[in-house]
Colleague: 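Sharing a structure with you now.
In what follows, chains carry the letters A, B, and so on, assigned in the order in which the sequence lines appear, proteins first and then strands, with residues in each chain numbered from 1. These numbers come from a predicted model, not from an experiment.
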Amino acid sequence: MTTDELKNLKANQTVDARGTACPGPLLAAKKAVGDIESGEVMEILSSDEGTKHDIPKWCQKMEHEFLGIVEEDSYSRLFLKKA
Amino acid sequence: MDIEFEKQLEELKKKIGKLEKGRKDKMTLVVFSGDMDKLLAAMIIATGATAMDMEVKLFFTFWATAALRDPKKNVKGKNFISKMFGFMLPKGAKKVKLSKMQMGGMGKAMLEGLMKKKGIASLEDMFKTAGELGVEINVCEMSMNLMGFKKEELIDYPKMNICGVGTFLSDAEESKIQLFI
């Protein structure tokens, strides 16, 4: 998805993991993904650089669809669709 | 169909079944080091693996067992050498030292300050998180015995067993990932 498409995307669930370091964002994502239904969209906010690599890999393993990243000033927004 | 071919097919099916059964989505770590930094690495890998839906088993042995001691718990009936060991080794996750730059505690204090600032969980918190996530801790019976530690002085942890090398080996055999830290 393009950045503009992602910006307009309405997430069913937003996880704010800003301020936590590895493995915080990953654990937060894992926990929150249990609260949404298959096909719904989740957004993860993270200020940890590593998360940008970790979440796509995690999605691959868990078979969620990774939609992309929107960069903000001091953090990133990562989008995925639950498998 | 050719009988020989069918036979081979059956054999292959059996072998695949065995392979599938043999390797589970499971990780086993030997946690040997009693250094704070190495313990932290082990706990980060362990909790991270639960996010990947892996079953995680930690086998605590030698110096690492000291990190599982609860500073609030005291047990009686230890002999002189066990008491000495207990005194010389760190009592719990808060007391373990760095492998480098410990500098009489100054280095560790500085690192802990930095960790807090950067949102990195402390070792104690990591044990708590791991427990909540279902990470299993198996403690080496021989190490406990050698250092004179008793089960009663270990931290309250949801899934903790005292066991031997056989438990580790059977878990490791089934695991996709095995590490020694």
Colleague: Which atom names give the shortest non-hydrogen contact between Leu26(A) and Gly48(B), and what distance separates them?
Modeller: CD2-O, 4.1 Å
Colleague: Is the shortest side-chain N to carboxylate O distance from Asp53(B) to Lys61(A) below 4.0 Å?
Modeller: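 Lys61(A) and Asp53(B): not salt-bridged.
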Colleague: At a 4.5 Å cut-off on heavy atoms, which part of Thr50(B) comes close to chain A: side chain, backbone, both, or neither?
Modeller: both
Colleague: Identify whether Leu133(B) and Phe60(B) are in the same connected component of the hydrophobic contact network (ILVMFWY, side-chain heavy atoms under 4.5 Å).
Modeller: no
Colleague: Counting heavy atoms not belonging to Glu72(A), are there more than 12 under 6.0 Å from its CD?
Modeller: yes
Colleague: Between Pro23(A) and Met43(B), is any pair of side-chain heavy atoms under 4.5 Å apart?
Modeller: no
Colleague: Can you get from Leu40(B) to Met110(B) by hopping between Ile, Leu, Val, Met, Phe, Trp and Tyr side chains that sit under 4.5 Å apart?
Modeller: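 No; Met110(B) is not reachable from Leu40(B) via cluster members.
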Colleague: Measuring heavy-atom distances to chain A, does Ile45(B) have an atom under 4.5 Å in its side chain, in its backbone, in both, or in neither?
Modeller: neither
Colleague: Which heavy-atom pair separates Lys118(B) from Ala21(A) by the least distance, and what is that distance?
Modeller: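 Of all heavy-atom pairs spanning Lys118(B) and Ala21(A), the closest is O-CB, 3.7 Å.
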Colleague: Mind checking whether Leu80(A) and Val41(A) sit in one hydrophobic cluster, side chains of I, L, V, M, F, W, Y counted as touching below 4.5 Å?
Modeller: no
Colleague: Answer yes or no: does atom NZ of Lys95(B) have more than 12 heavy-atom neighbours from other residues, nucleotides or ligands under 6.0 Å?
Modeller: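 Atom NZ in Lys95(B) is not crowded, with 12 or fewer foreign heavy atoms closer than 6.0 Å.
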Colleague: Would you mind checking which part of Met115(B) comes under 4.5 Å of any heavy atom in chain A, side chain (CB onward), backbone (N, CA, C, O), both or neither?
Modeller: neither
Colleague: NZ of Lys81(A): more than 12 outside heavy atoms within 6.0 angstrom?
Modeller: no
Colleague: What distance do Leu27(A) atom CG and Thr47(B) atom OG1 have between them, rounded to the nearest 0.5 Å?
Modeller: 5.0 Å
